[in-house]
Amino acid sequence: ICGALLVFIHLKASSSLRSEFTQRYETFNGVLARALVQIEQNTDRSMLNAARLMQRHEAEYPGIGTPGLKKLSDEIGAENVFVADQSGKFVRATDDSAETLPNLLSTCAGYGTLLQPRKHRAYVTSAIARGGSGGAPTKSLVVSNQAGNRFLQVAYRADFIEKTVLDAVAADPAVLAVGLYAGDGTALGEFGPAVTAGSSAQARLQWNGKEAVEYRGDRAIFTKRVVLNDPNCCECKAIQAKGGDGYAYILQTAVSANVLASSLAHLRTAMGVAAAVAVGLSLALSLLISHWLVARIERLRKVMNGISSSEDVKIRVPGEGADEIGALASSFNRALERLEKSQARELRNEKAKLTFRMTSQVAHDIRSPLAAFNLLETDLSGLPRDRLRLLRAATNRIRDIANQLLNQRPELED
């Protein structure tokens, strides 16, 4: 019973530890995902304010050159600032790379609607994407200028990814690495003590689309889809960051499975100690019960030996009860009662038989002199009549007594 109970407790506790471990880091992923979404939305608002400032500046200085853009970029805290004409061709950029940039409308034809007089399409944000040649991840916002004949774009480094993830990693030493990926699997940032330099720029996420924990050696990998319903992400579809459930990233956290293994090892140790204690208690209880049973059987044996040696069937076996030994003692006592009654009956029968033999012998002994009296009766015919009658009466009485003794039969008990 103890063994079965310990096995059941171990299975339940192991399942509970695994469930707790999984729930803990799924919650970790969920909290981190919500933090990233909130910070990205705040970044969108900051970029919009910067774009509004750029609109006013471009309206005052329509022909602003690269030096002016660099100064404006520094003022608004942007990574880069770009200006493109109506056809989507970049004409100026803070990093002097306007002529090398791909056409804005080729990236997303939907940007063209920004030049139309529609207030609710006043700006478009982009998804977080890694810069060229494996650069830092950036996020941009595109608006039209106030004249409605040019595109203005501000790009910001997505530094919040690194800061937020590193803070989360520092809060839990079991977290080895946290990575944020675009919808197409491109790494946007991977951070943690287990991340080697340059690996995040080359690694590409391999994921089957299911949010579940996966164990790889000494690691547990938790993957979560981070959904941000942003209808203004024009290029999300192009970079496969937008699916049926909206604009989304993929968050993947690698946790040391040694945490779970250590908990399971402690559980096994505790169960081992409990098993040893249970075995000790079971052994002690078994010995106690065995000693108690043997002692009762020994008392029963001594009583039976006493009855056997003394032939006194009036002795009774002590210790009757509801258990097996008590039932055995009751059976012995019932057998002794029957034996006692049988002996008493046999004794009475023997006494009756002895009495019958004695009376038969007496009757036989009486009949022998009666025969002599019968012979003398004819010789004593000369006696007086009254004396002869008295003699005959006495002889007849003796004969009746002898016959009565012979006719008595003993009543034997069955």
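If you're wondering where the values come from, they're calculated on a predicted model, not measured in any experiment.
For the atom pair CG (Leu264) and NE2 (His10), the distance works out to 7.0 Å, reported to the nearest 0.5 Å. In this structure, CG in Leu101 is found 13.5 Å from CZ in Arg92, a value given to the nearest 0.5 Å. Note that CG of Leu347 and OG of Ser342 are 11.0 Å apart. Values are rounded to the nearest 0.5 Å. Taken to the nearest 0.5 Å, the CG atom of Asn349 stands 12.5 Å off from the CG atom of Leu354. Atom-to-atom distance recorded for Leu251:CG and Leu180:CG is 6.0 Å, nearest 0.5 angstrom. Atom OG of residue Ser19 and atom CZ of residue Arg24 lie 13.5 Å apart, to the nearest 0.5 angstrom.
Remark: the backbone N or O of Ser144 is paired with a side-chain donor or acceptor of Gln55 at under 3.5 angstrom. When atom types are taken as modelled, the side chain of Asn80 and the backbone of Ala155 share no donor-acceptor pair closer than 3.5 angstrom. A side-chain donor-acceptor contact under 3.5 Å links Thr22 to the backbone of Arg18. With hydrogens and angles ignored, the 3.5 Å screen pairs no side-chain donor or acceptor of Ser106 with any backbone N or O of Pro102. Asp159 places no side-chain N or O within 3.5 Å of a backbone atom of Lys163 that could act as its donor or acceptor partner. Under the 3.5 Å distance criterion, the side-chain polar atoms of Ser15 are left unmatched by any main-chain donor or acceptor of Leu11. When atom types are taken as modelled, the side chain of Thr269 and the backbone of Ala265 share a donor-acceptor pair closer than 3.5 angstrom. Side-chain atoms of Asp218 do not come within 3.5 Å of backbone N or O of Ser256 as any donor-acceptor pair. Remark: the backbone N or O of Gln23 is paired with a side-chain donor or acceptor of Thr27 at under 3.5 angstrom.
With respect to Arg225 and Glu211, no salt bridge is recorded, no charged nitrogen being found less than 4.0 Å from a carboxylate O. Between Arg301 and Glu298, at least one side-chain N (NZ, or NE/NH1/NH2) sits under 4.0 Å from a carboxylate O, which counts as a salt bridge.
At most 12 non-hydrogen atoms from other residues, nucleotides or ligands lie less than 6.0 angstrom from CD1 of Ile1. The environment of Phe8 atom CZ is sparse: at most 12 non-hydrogen atoms of other residues, nucleotides or ligands sit within 6.0 angstrom.
Tyr249 places none of its side-chain heavy atoms less than 4.5 Å from the side chain of Leu36. Tyr156 has its side chain out of reach of Thr138: every pair of non-hydrogen atoms, C-beta onward, lies at least 4.5 Å apart. Between Gln38 and Arg34 the shortest side-chain heavy-atom distance does not fall below 4.5 Å. Side-chain contact between Ile161 and Phe191 is present, with heavy atoms from C-beta onward closer than 4.5 Å. Within the 4.5 Å cutoff, the side chain of Ile250 has no heavy atoms near those of the Lys224 side chain. By the 4.5 Å heavy-atom criterion applied to side chains, Thr43 and Phe160 are counted as neighbours. Residues Leu141 and Val143 form a side-chain contact, since some pair of their non-hydrogen atoms from C-beta on lies under 4.5 Å apart. Val178 has its side chain out of reach of Gln252: every pair of non-hydrogen atoms, C-beta onward, lies at least 4.5 Å apart.
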Going through the checks in order, is the side chain to side chain contact (heavy atoms under 4.5 Å, CB included) test met by Val81 and Met54? CA-CA 9 Å; Val81 177; Met54 185 177 177; 2.7 Å; yes

Checking Asp167 against Thr164 for the side chain to side chain contact (heavy atoms under 4.5 Å, CB included) test, could you report, in this order, the C-alpha distance in whole Å, the side-chain angles of both residues, the deciding distance, and whether it holds? CA-CA 5 Å; Asp167 287 344; Thr164 304; 5.9 Å; no

Please evaluate residues Glu214 and Arg216 with respect to the criterion salt bridge (charged side-chain N to carboxylate O under 4.0 Å, His left out), reporting the C-alpha separation (whole Å), side-chain torsions for both, the decisive distance (0.1 Å), and the verdict. CA-CA 6 Å; Glu214 179 184 357; Arg216 302 176 187 170; 3.2 Å; yes

Check the pair Asp172 / Val175 against side chain to side chain contact (heavy atoms under 4.5 Å, CB included), numbers first and verdict last. CA-CA 6 Å; Asp172 193 331; Val175 178; 3.8 Å; yes

Apply side chain to side chain contact (heavy atoms under 4.5 Å, CB included) to residues Ser126 and Tyr111 and explain how you reach the verdict. CA-CA 11 Å; Ser126 74; Tyr111 286 137; 4.3 Å; yes

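In terms of heavy atoms, Asn103 sits closest to Lys89 at ND2-N, 3.6 Å. Between Asp85 and Phe151, the shortest heavy-atom contact is O-CD1, 3.2 Å. The two residues Val91 and Ala98 have their closest heavy-atom pair at C-CB, 3.7 Å. Considering every non-hydrogen atom in both Leu69 and Ala93, the closest pair reads CD1-N, 4.0 Å. Shortest non-hydrogen contact noted between Ala59 and Gln146 is CB-OE1, 3.3 Å. Summarising the geometry of Ala261 relative to Arg268, their closest heavy-atom pair is O-NH2, 4.3 Å, with the distance given to 0.1 Å.
Residue Val142 is tested with Leu104, Leu152, Thr107 for a side chain to side chain contact (heavy atoms under 4.5 Å, CB included); the sole match is Leu104.
The aromatic rings of Phe82 and Phe90 sit perpendicular to each other, their planes meeting at more than 60°, with 30° as the lower class boundary.
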